[in-house]
Amino acid sequence: MTAAPESERILILDFGSQYGQLIARRIRELNVFCQIVRHDIPAERVAELKPRGLILSGGPASVYAPNAPRCDPRLFDLGIPVLGICYGMQLACQALGGKVLPAERREFGPAICRIREANGLFAGVSAETTVWMSHGDQVQLVQGDFLPLASTDTCPMAATRHRTRAVYGLQFHPEVSHTPQGTRILRNFLYDVCGCQGLWQIDSFLSQTVASLVERIGNKRVICGLSGGVDSSVTAALLLRAVGRQVSCIFVDNGLLRQGEVESVKRTFTGHFQADLHIVDAGARFLQALEGVSDPQEKRRRIGHVFIDVFKDEARHIEGAHFLAQGTLYPDVIESGGTVDGPAANIKTHHNVGGLPKELGFELIEPLKDLFKDEVRKLGLELGLPETLVYRHPFPGPGLAVRCLGPVTADRLRVLRQADAILLEELKQSGWYRKTAQAFAVLLPIHSVGVMGDGRTYENVIALRIVQTDDFMTADWSKLPYDLLGKISARIVNSVAGVNRVVYDITSKPPATIEWE
Ligand code: XMP
């Protein structure tokens with residue numbers, strides 16, 4: 001068997017950088033496995049993990065501050081190559097006896113960087129290249145054993161290398177897209193300095209993960225909760241590949257799903273994958289629990305409770321179930337404070353509606369917990385999941401209930417579902433679906449006046465919410481062509497009974513959120 005893709009590992013020590021995850025994603029894109037770890041990870045633990053290289057991230061602190069986060073100084077004696085970025089550079093220089101002088105002023109934005117040595121870290125990089133600076137009160141010049149490799153007008157030591165050790169520093173951020181040749185610099189560090197070969201490939205991850213799942217699961221039975229979303233579908237497909245007939249999938253139809261969703265899950269998992277699929281038709285139970293409820297958090301709470309009850313009831317019927325597989329991803333692990341030493345401690349609660357409590361009594365399997373979303377998508381395609389599923393927009397656990405503002409009734413859900421289906425169909429047909437991150441219809445809790453033929457109407461209003469975003473923490477509204485918006489609006493009012501007005505939400509997040517509830 002070939003070497004495990006994660007045997008070639010880079011550790012990123014996190015000093016609180018806003019770009020920590022971005023550094024990790026860039027490295028993964030360069031086909032090298034990496035993990036974000038606490039900045040104070042002990043040198044012994046690092047030695048055990050045998051990384052090929054260490055990256056010290058940026059961070060908001062100043063190295064002069066008394067409580068500034070530091071790393072174990074013995075890390076520099078392990079003989080492992082180190083790349084310090086921004087704060088990480090200052091810290092490395094300071095730890096190795098370099099003198100770090102404060103900057104005269106803060107520097108933020110693009111700068112022209114002149115390269116002194118076009119080899120090593122800068123092999124293949126143009127002599128003058130734009131870099132992105134983002135630092136406050138800190139290093140301009142490092143003295144001692146550190147050699148300057150590059151400079152900008154305001155920063156004579158924009159990049160540095162230790163005279164005798166494989167310790168490098170960059171004052172700028174190679175990971176952001178505003179540093180156009182940043183990927184080349186990171187690649188040089190990984191491949192030339194650390195000697196990586198690029199083992200992190202999704203097909204080898206797949207074969208290694210399948211092998212380890214087979215070994216861990218043995219002949220026991222696994223339950224997979226399916227939501228219709230990307231993460232749970234890829235988890236299920238992966239388990240089906242590993243231990244096929246020992247997998248039972250549970251899909252709770254809560255009656256709050258979009259048009260055609262149940263059928264498409266059924267088609268994918270019983271057709272191509274021939275899974276033991278348990279679809280629980282629980283719409284009536286959810287609707288009953290939601291009767292008269294308009295408060296969004298109360299909707300979430302009730303849906304969460306009913307979901308757990310329904311899931312438990314169904315799981316009880318699956319004889320001999322020992323494992324429960326969940327589609328936890330690496331960003332969930334990072335955001336819940338997980339480290340390289342442990343799986344996710346607790347997943348973010350806000351997005352955990354539709355999640356399951358630990359007390360269900362199963363042993364948890366989280367085969368995607370090292371992957372970023374784009375890697376999960378690649379894995380999904382590799383496993384043969386249809387593109388329409390792999391590139392699906394996220395859909396919240398509480399489903400249409402939080403898009404049906406005010407009370408949730410079967411009739412209101414019907415209106416919303418039809419309008420939403422038209423919106424998605426038009427986006428897909430026009431090629432806009434893949435250009436947007438999330439798109440949906442919202443049924444407002446008001447009526448508006450209209451005219452149809454000779455008569456006056458007093459009907460529902462549909463709002464369209466369509467956003468662009470990379471991380472869902474911030475988002476911008478999508479600038480859809482007017483004629484497409486017009487077509488969507490006309491189709492909705494003409495064919496969805498009970499709707500006489502469509503409005504477009506042009507608010508960014510913040511201050512608004514993506515969902516309306
Ligand atoms: P907001 O509305 O907070 O949404 O800007 C950010 C992302 O989270 C999704 N979202 C949820 N997902 N359960 C979920 O599983 C929820 O209760 C929930 N609320 C919001 C939202 O669809 C968007 O992708």
Side-chain angles (χ1 to χ4, degrees), residues 1-2 4-6 200-253 257 260-281 307 310-330 343-344 354-356 360-371 373 375-392:
M1 189 179 292
T2 52
E6 53 281 27
W200 181 251
Q201 307 274 353
I202 223 62
D203 53 348
S204 44
F205 171 85
L206 174 58
S207 54
Q208 301 279 342
T209 306
V210 164
S212 68
L213 285 171
V214 167
E215 192 182 316
R216 176 166 174 207
I217 295 167
N219 57 9
K220 298 196 172 111
R221 181 150 284 280
V222 188
I223 294 183
C224 256
L226 274 179
S227 70
V230 184
D231 308 344
S232 70
S233 300
V234 174
T235 305
L238 186 55
L239 280 148
L240 286 161
R241 171 75 64 94
V243 293
R245 284 198 301 272
Q246 290 155 244
V247 181
S248 295
C249 297
I250 299 181
F251 180 70
V252 175
D253 176 1
L257 302 170
E261 219 154 0
V262 181
E263 295 73 19
S264 106
V265 168
K266 203 173 183 173
R267 229 182 359 259
T268 305
F269 285 92
T270 53
H272 180 67
F273 288 101
Q274 300 200 321
D276 170 36
L277 175 63
H278 300 236
I279 297 181
V280 192
D281 178 6
F307 178 82
V310 171
F311 195 93
K312 261 195 201 151
D313 285 351
E314 189 62 30
R316 219 175 277 140
H317 293 127
I318 297 172
E319 224 166 285
H322 180 87
F323 293 100
L324 176 69
Q326 284 199 332
T328 312
L329 303 197
Y330 192 45
L356 292 162
L360 282 186
F362 300 112
E363 195 178 320
L364 263 195
I365 298 189
E366 296 171 307
L368 309 183
K369 74 173 174 18
D370 283 329
L371 302 189
K373 193 81 173 189
E375 295 171 323
V376 171
R377 293 208 163 99
K378 276 193 208 155
L379 184 63
L381 292 176
E382 188 79 20
L383 283 160
L385 286 169
E387 277 202 19
T388 45
L389 203 163
V390 166
Y391 290 102
R392 216 186 76 134

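Numbers here simply count residues along the sequence, with the first being 1. Values reported hereafter were calculated over all heavy atoms of this structure, with side chains retained and with hydrogens, waters and symmetry mates removed.
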Full working for side-chain contact (heavy atoms from CB on, under 4.5 Å) between Ile318 and Ile250: CA-CA 10 Å; Ile318 297 172; Ile250 299 181; 3.8 Å; yes
side-chain contact (heavy atoms from CB on, under 4.5 Å) between Leu239 and Ile217, intermediate numbers included: CA-CA 10 Å; Leu239 280 148; Ile217 295 167; 3.5 Å; yes
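Minimum heavy-atom separation, Asp276 to His278: OD2-NE2, 3.0 Å. The nearest pair of heavy atoms linking Leu238 to Leu379 is CD2-CD2, 4.3 Å.
Annotation: salt bridge (Lys or Arg N to Asp or Glu O under 4.0 Å) contacts of Asp281 (sequence neighbours excluded): none. Residues forming a ring-ring contact (aromatic ring centres under 6.0 Å, His included) with Phe311 (at least two apart in sequence, or on another chain): Phe307. Every residue two or more places apart in sequence or in another chain that forms a side chain to side chain donor-acceptor pair (under 3.5 Å) with Arg392 is listed here: Glu261. The salt bridge (Lys or Arg N to Asp or Glu O under 4.0 Å) search around Arg221 returns none, not counting sequence neighbours. Lys373 is linked by a salt bridge (Lys or Arg N to Asp or Glu O under 4.0 Å) to Asp231, counting only residues two or more places apart in sequence or in another chain. Among residues two or more places apart in sequence or in another chain, the salt bridge (Lys or Arg N to Asp or Glu O under 4.0 Å) test is passed with Glu314 by none.
Applying the salt bridge (Lys or Arg N to Asp or Glu O under 4.0 Å) definition to pairs two or more places apart or across chains, those involving residues 208-219 are Arg216-Glu363. Every pair passing ring-ring contact (aromatic ring centres under 6.0 Å, His included) that includes a residue from residues 203-252 is listed here, sequence neighbours excluded: Trp200-Phe205. Listed by first then second residue, pairs satisfying side chain to side chain donor-acceptor pair (under 3.5 Å) with a partner in residues 234-247 number zero, not counting sequence neighbours.
Within the 4.5 Å cutoff, the side chain of Val222 has no heavy atoms near those of the Leu213 side chain.
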Please tabulate, for side-chain N and O atoms in residues 262-275, each donor-acceptor pair with protein atoms closer than 3.5 Å (sequence neighbours left out).
residue	atom	partner	partner atom	Å
Thr268	OG1	Ser264	O	2.9
Thr270	OG1	Lys266	O	2.4

Identify all side-chain donor-acceptor contacts of residues 381-391 below 3.5 Å with residues at least two apart in sequence or on another chain.
none

